[in-house]
Amino acid sequence: MVGIKPKDAVPSAAVKFFGAGTAGCIADLITFPLDTAKVRLQIQGESQNIKGGSALKYRGVFGTITTIARTEGSRSLYNGLVAGLQRQMSFASIRIGLYDSMKQFYTRGTESAGIVTRLLAGCTTGALAVALAQPTDVVKVRFQAQVRLADGGRRYNSTLEAYKTIARNEGVRGLWKGCMPNITRNSIVNCAELVTYDMTKELILKYGLMTDNLPCHFTAAFSAGFCTTVVASPVDVVKTRYMNSADGQYRSSINCALTMVRNEGLTAFYKGFMPSFLRLGSWNIVMFVTYEQIKRGAQQYWESPF
């Protein structure tokens, strides 16, 4: 459009929507082994209590990755990647791509957005994303949690088979298993992640510590990853355990949490904290830096399409 300066040209909601999904997929491709390690560490105590064993199979982030690669093959680190990418294209697109639009909705189109408005926007897009994308998350967690058997057998052999098997054995509701704890978790994650990034970036620019460039985006994303991990780890562990559980193992997500406390103590809520932080920190950095570049590229194209 003639007469609009580059700094005034704001990427459209469609650009943000698809840009966020694309950035989320790129971040998942890079950090997926860390996510798999996190899931294995989170369910480890559960397996011990069921089987009555005492030996820890996985120790530490990189020890877990090494053990999985040695005993099951390196490809097992990417179990559930297809479902993970499906999840990001639907999930990240909504919770991140629509965040600015939701802020404008709550402020009735004005540019002024306080902390309460940002929290409302984060909760809304986080809950909406889970409600629509929950089946992809269930399948992803099931794939990451499954261990290759000695005879090469698996719980699920393909993503499509997993969707069909869960729906057939547990009903369509099985694909939305853990939806409520996941909504709780992702509302918290979205608020911590997007609001921290939003406000950190705003403060950096306001006080002139950096310009709106890659170091600024890196710093804000790192802060967002750390805050998100601290706040969301307890809910994340419960979500992972509940979604991966056999039918009837837990009566509800609350029962799952109480069982964890009774059998493993409060520290169980922070199992897999380091891989969670490494994964969320690196995921946030890759995602937000990529997302900002996509938006900037779209903005430049808007100004100079040829």
| said: Given the ring of F91, does R87 sit roughly above its face, with NZ or CZ under 6.0 Å from the centre of the six-membered ring and within 45° of the axis? | reply: yes
| query | Are D198 and Y99 close enough that a side-chain donor and a side-chain acceptor fall under 3.5 Å? | reply | yes
| Criterion salt bridge (Lys or Arg N to Asp or Glu O under 4.0 Å) on E170 and K164, from CA distance to verdict | CA-CA 10 Å; E170 304 173 42; K164 290 180 178 178; over 6 Å; no
| task | For the pair L77 and F32, evaluate side chain to side chain contact (heavy atoms under 4.5 Å, CB included) and give the outcome as yes or no after the intermediate values. | result | CA-CA 7 Å; L77 293 169; F32 207 80; over 6 Å; no
| Side chains of L128 and R95: closer than 4.5 Å at any heavy-atom pair? | no
| task | Please examine the side chains of R142 and K177, heavy atoms only from C-beta on, and report whether any two atoms are closer than 4.5 Å. | result | yes
| query | Should we say atom CD1 of I254 is surrounded by more than 12 heavy atoms from elsewhere, each under 6.0 Å from it? | reply | no
| task | Check the pair C216, L205 against side chain to side chain contact (heavy atoms under 4.5 Å, CB included), reporting the backbone distance first and the verdict last. | result | CA-CA 8 Å; C216 171; L205 298 177; 4.2 Å; yes
| said: Determine whether a donor-acceptor pair (N or O, by modelled atom type, separation under 3.5 Å) exists between the side chain of T136 and the backbone of A83. | reply: no
| request: May I ask you to decide whether E161 forms a salt bridge with R168, counting only side-chain N to carboxylate O separations under 4.0 Å? | output: no
| message | When you compare the side chain of N190 with that of C123, does any pair of heavy atoms fall below 4.5 Å? | response | no
| request: Establish, from distance only, whether the side-chain atoms of Y197 and E202 form a donor-acceptor pair under 3.5 Å. | output: no
| said: Do I26 and M287 have side chains that approach each other closer than 4.5 Å (heavy atoms only, starting at C-beta)? | reply: no
| task | Side-chain contact test, heavy atoms from C-beta onward, threshold under 4.5 Å: evaluate it for R296 versus D212 and give yes or no. | result | yes
| Between E193 and F288, does a side chain to side chain contact (heavy atoms under 4.5 Å, CB included) hold up when you go through it step by step? | CA-CA 10 Å; E193 189 175 84; F288 278 116; 4.1 Å; yes
| field | Residue pair T64 / K38, side-chain donor-acceptor N/O under 3.5 Å | value | no
| request: Count the heavy atoms belonging to other residues, nucleotides or ligands that lie under 6.0 Å from CZ of F18, then report whether that count exceeds 12. | output: no
| said: With heavy-atom distances below 4.5 Å as the criterion, would you say the side chains of F226 and L280 are in contact? | reply: no
| query | So do S187 and I183 actually touch side chain to side chain, heavy atoms under 4.5 Å? | reply | yes
| field | Over 12 non-hydrogen atoms of neighbours within 6.0 angstrom of OH in Y78 | value | yes
| request: Using modelled atom types only, decide if a donor and an acceptor are shared between the side chain of K201 and the backbone of T219 within a distance under 3.5 Å. | output: no
| Under 3.5 Å, side chain of W283 to main-chain N/O of D35, donor-acceptor pair present? | no
| query | For the residue pair V139 and A162, what are the closest heavy atoms and their distance? | reply | CG1-CB, 3.8 Å
| query | Minimum heavy-atom separation for F269 to A257, with atom names? | reply | CZ-O, 3.8 Å
| Would you say T31's side chain and L34's backbone share a donor-acceptor pair under 3.5 angstrom? | no
| task | Quick one: closest heavy-atom pair of V237 and K271, and the distance? | result | CG2-O, 3.7 Å
| request: State whether R118 and D100 are salt-bridged, where the test is any N-O pair (Lys NZ or Arg NE/NH1/NH2 against Asp/Glu carboxylate O) under 4.0 Å. | output: no
| Okay, side chain of S282, backbone of R279: is any donor-acceptor separation there less than 3.5 Å? | yes
| task | Give a yes or no answer on whether the side chain of S93 reaches the backbone of F17 with a donor-acceptor pair at less than 3.5 Å. | result | yes
| field | A232 backbone acceptor or donor facing D236 side chain under 3.5 Å | value | no
| message | Just to verify, what does F273 make a side-chain contact (heavy atoms from CB on, under 4.5 Å) with, not counting sequence neighbours? | response | T229, V230, S233, Y270, F277
| remark: Shortest non-hydrogen pair, T125 vs I94, comes out as CB-O, 3.7 Å
| message | Are more than 12 heavy atoms, taken from residues, nucleotides or ligands other than M210, located less than 6.0 Å from that residue's CE atom? | response | yes
| request: Measure the spacing between OG1 of T67 and CZ of R70 and express it to the nearest 0.5 Å. | output: 4.5 Å
| What do the steps show when you test D28 against L85 for side chain to side chain contact (heavy atoms under 4.5 Å, CB included), and what is the final call? | CA-CA 7 Å; D28 249 25; L85 296 179; 4.3 Å; yes
